[in-house]
Structures are given as structure tokens and as C-alpha cells.
Amino acid sequence: MRTPPPASRPRTLKARSHVWLRWLHTYTSMISLLVVLFFALTGITLNHPDWAFGNSEIKREVTGTLPAGWITAGKVDWLNVAEDLRAQQGLHGRAEEPRVDGTEASISFLGPGYSADTVIDTQTGKYSTNILAQGGVAVLNDLHRGRDTGGAWNWLIDVSGGVLTLVAVTGIGILLYLRKTRTQALAVMGVASLIVLLLGWRALG
């Protein structure tokens, strides 16, 4: 009669913690690979705005007249104004900064690497729009900064920051379990952190 195999010993809290740290670190790292690549590359282009590639700008001015009914007793129907301008001139981005000042009204359309500033004559409905469309690098840089990107992209930036924080914390946690390399790795991390702090202090002047 075969004797049953001995029951496996339950894992200690330390062992379970190590397994969970490795699991979290592995999968959060896989999720964040493209995020890290995107913010790493756009961080470089942000630091070098003078680089020429993908930095072209297209400036143009367009004019037109809004249909009747866009303003009544000094009150502007900004929703219809924005839709009319989009339809007439192909403007895009979020409509921002509507303003009425006497005989002049204005509204801007903003997006990553894009702006369209419109000035309207409140007496005639005639308008002039200055459009600035920047190149691909400027668009990516604005996405990096979350500039004129809207709520969904800003939410993505916050989630990405949380995931990258989790990657860093779990990576340090795993490091603490590696006896052979723990001391050297912590020393390197400490030196690197000190260098970053010194450079930051020097940058502050």
C-alpha cells in the first residue's frame, strides 16, 4: 500500500509576498511598456524643442459670416457658433474661452499642436480665424504634457502615472528579496537618487 506524499508546507508570508510582488511587477511592466516608451521619447523631444524634424508649422487665416440668429440681445449661442465654424472652416479641437466685449466676440478651438482663434463682429456676424497647425512632434509633446487634450487623455496620464509608480514600488520590493545583489543594487539606487537630487537642486539655481 502506497504511503501518501507528505503534505506540502504552507508558504510563509514572506514567500507569498515575494510571489505577489513578482506577479504585479511582471504584468504592470507589460501593461506600461508602450506608456514608458511614449513618455520617454516625448520627454526627449520636449527637452529639445529646437530639433527640426516634425516641427513644421502651418499658419493661415480664414474669413466668413455666421448665419443669422447666432446672437440675440447681446447673448451669444456659443454652441451654434462653434458648430457653424466647424462646418464652414473644418475647425477642430475643444471650443474654449468664449467672450463678448462690446462689438467684438471671440472663441478659440484648442487641441494638441493646434489652435484656431476666431474674432467675430457682433454687428455683422463677420469673423476672422487665425489657424495654427503644428507638426507631429508638437502634437506628441502636447500629449505628453496633457495640454488641450481633454478629460479622457488626462485620465490616461493619471492611470499611467499610477501604474508606473506600482512598477517602481514592486521592483524595489523584489530587490529586497535578492540577497546576493541587494546591497549593490540599493547602493546604485542610492547614488543615482543622490545625483538626481543634486541636479534638481542645481537646476533651481
Side-chain angles (χ1 to χ4, degrees), residues 28 31-167 203-204:
T28 52
I31 291 170
S32 62
L33 280 177
L34 289 178
V35 174
V36 171
L37 180 61
F38 172 79
F39 283 103
L41 292 176
T42 52
I44 294 173
T45 57
L46 271 172
N47 200 39
H48 296 278
D50 54 324
W51 286 0
F53 65 91
N55 242 356
S56 60
E57 290 185 351
I58 298 175
K59 296 181 180 180
R60 61 192 179 97
E61 182 180 1
V62 295
T63 58
T65 303
L66 293 173
W70 71 276
I71 185 170
T72 304
K75 293 185 178 180
V76 178
D77 186 345
W78 288 113
L79 179 59
N80 279 337
V81 168
E83 292 307 310
D84 286 336
L85 289 171
R86 292 182 198 276
Q88 290 185 26
Q89 305 296 348
L91 306 184
H92 61 271
R94 294 177 298 114
E96 298 281 352
E97 304 171 2
R99 181 182 61 84
V100 179
D101 185 10
T103 60
E104 187 176 279
S106 63
I107 186 170
S108 296
F109 293 80
L110 304 173
Y114 177 89
S115 66
D117 300 314
T118 300
V119 178
I120 311 166
D121 186 327
T122 59
Q123 303 298 314
T124 64
K126 293 182 178 180
Y127 65 82
S128 173
T129 302
N130 290 308
I131 301 172
L132 172 62
Q134 297 176 289
V137 171
V139 173
L140 292 176
N141 288 345
D142 280 352
L143 288 173
H144 181 107
R145 291 179 290 207
R147 180 181 177 184
D148 300 325
T149 54
W153 185 263
N154 289 334
W155 177 84
L156 176 63
I157 291 176
D158 290 339
V159 171
S160 300
V163 171
L164 294 178
T165 299
L166 187 58
V167 170
L204 293 174

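FYI, side chains are in, hydrogens and waters are out, and symmetry mates aren't considered; it's all heavy atoms of this structure.
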Checklist entry - Do other residues, nucleotides or ligands put more than 12 heavy atoms under 6.0 Å from the CG atom of Leu34? => result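 No, the 6.0 Å shell around CG holds no more than 12 heavy atoms from other groups.
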Item to check | Residue list, side chain to side chain donor-acceptor pair (under 3.5 Å) with Ser115, at least two apart or on another chain | outcome: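 Applying side chain to side chain donor-acceptor pair (under 3.5 Å) to Ser115 gives none.
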Item to check | By side chain to side chain donor-acceptor pair (under 3.5 Å) - contacts of Arg94 (at least two apart) | outcome: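 Result, side chain to side chain donor-acceptor pair (under 3.5 Å) vs Arg94: Glu96.
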Shortest non-hydrogen contact between [X] and [Y], atoms and distance:
X: Thr124; Y: Thr65; result: O-CG2, 3.9 Å
X: Arg60; Y: Gln89; result: NH2-O, 4.3 Å
X: Leu164; Y: Ser32; result: CD2-CB, 3.6 Å

Next on the checklist: Checking Glu104 against Thr122: is there a side-chain donor and acceptor pair closer than 3.5 Å?
Outcome noted: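 No.
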Next on the checklist: Hydrogens and angles aside, do Asn154 and Thr149 bring a side-chain donor and acceptor to less than 3.5 Å of each other?
Outcome noted: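 Yes, Thr149 and Asn154 have a side-chain donor paired with an acceptor closer than 3.5 Å.
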Next on the checklist: For residues 103-131, which residue pairs pass the ring pair (Phe, Tyr, Trp, His ring centres under 6.0 Å) check, not counting sequence neighbours?
Outcome noted: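 Pairs touching residues 103-131 that pass the test: His92-Tyr114.
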Checklist entry - Is there a donor-acceptor pair under 3.5 Å between the side chain of Trp153 and the backbone N or O of Leu143? => result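 Yes, Trp153 side chain to Leu143 backbone: donor-acceptor pair under 3.5 Å.
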Checklist entry - Taking the side chain from Asp142 and the backbone from Gly113, do they hold a donor-acceptor pair closer than 3.5 Å? => result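 Side chain of Asp142 to backbone of Gly113: a pair is present.
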Checklist entry - Hey, does Leu46 have a side-chain heavy atom less than 4.5 Å from the side chain of Arg145? => result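 Answer yes - side chains close enough.
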Checklist entry - Do Glu97 and Ser106 have side chains that get closer than 4.5 Å, going by heavy atoms? => result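 No. Closest side-chain heavy atoms not under 4.5 Å.
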Next on the checklist: What verdict does the side chain to side chain donor-acceptor pair (under 3.5 Å) test give for Asn141 and Thr42, after you've listed the backbone C-alpha separation in whole Å, the side-chain angles of each residue and the deciding distance to 0.1 Å?
Outcome noted: CA-CA 6 Å; Asn141 288 345; Thr42 52; 5.6 Å; no
Checklist entry - Going through the checks in order, is the salt bridge (charged side-chain N to carboxylate O under 4.0 Å, His left out) test met by Arg86 and Asp84? => result CA-CA 5 Å; Arg86 292 182 198 276; Asp84 286 336; over 6 Å; no
Item to check | Sole candidate of Asp117, Thr118, Thr63 that passes side chain to side chain donor-acceptor pair (under 3.5 Å) when paired with Thr129 | outcome: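 For Thr129, the side chain to side chain donor-acceptor pair (under 3.5 Å) check succeeds only for Thr118.
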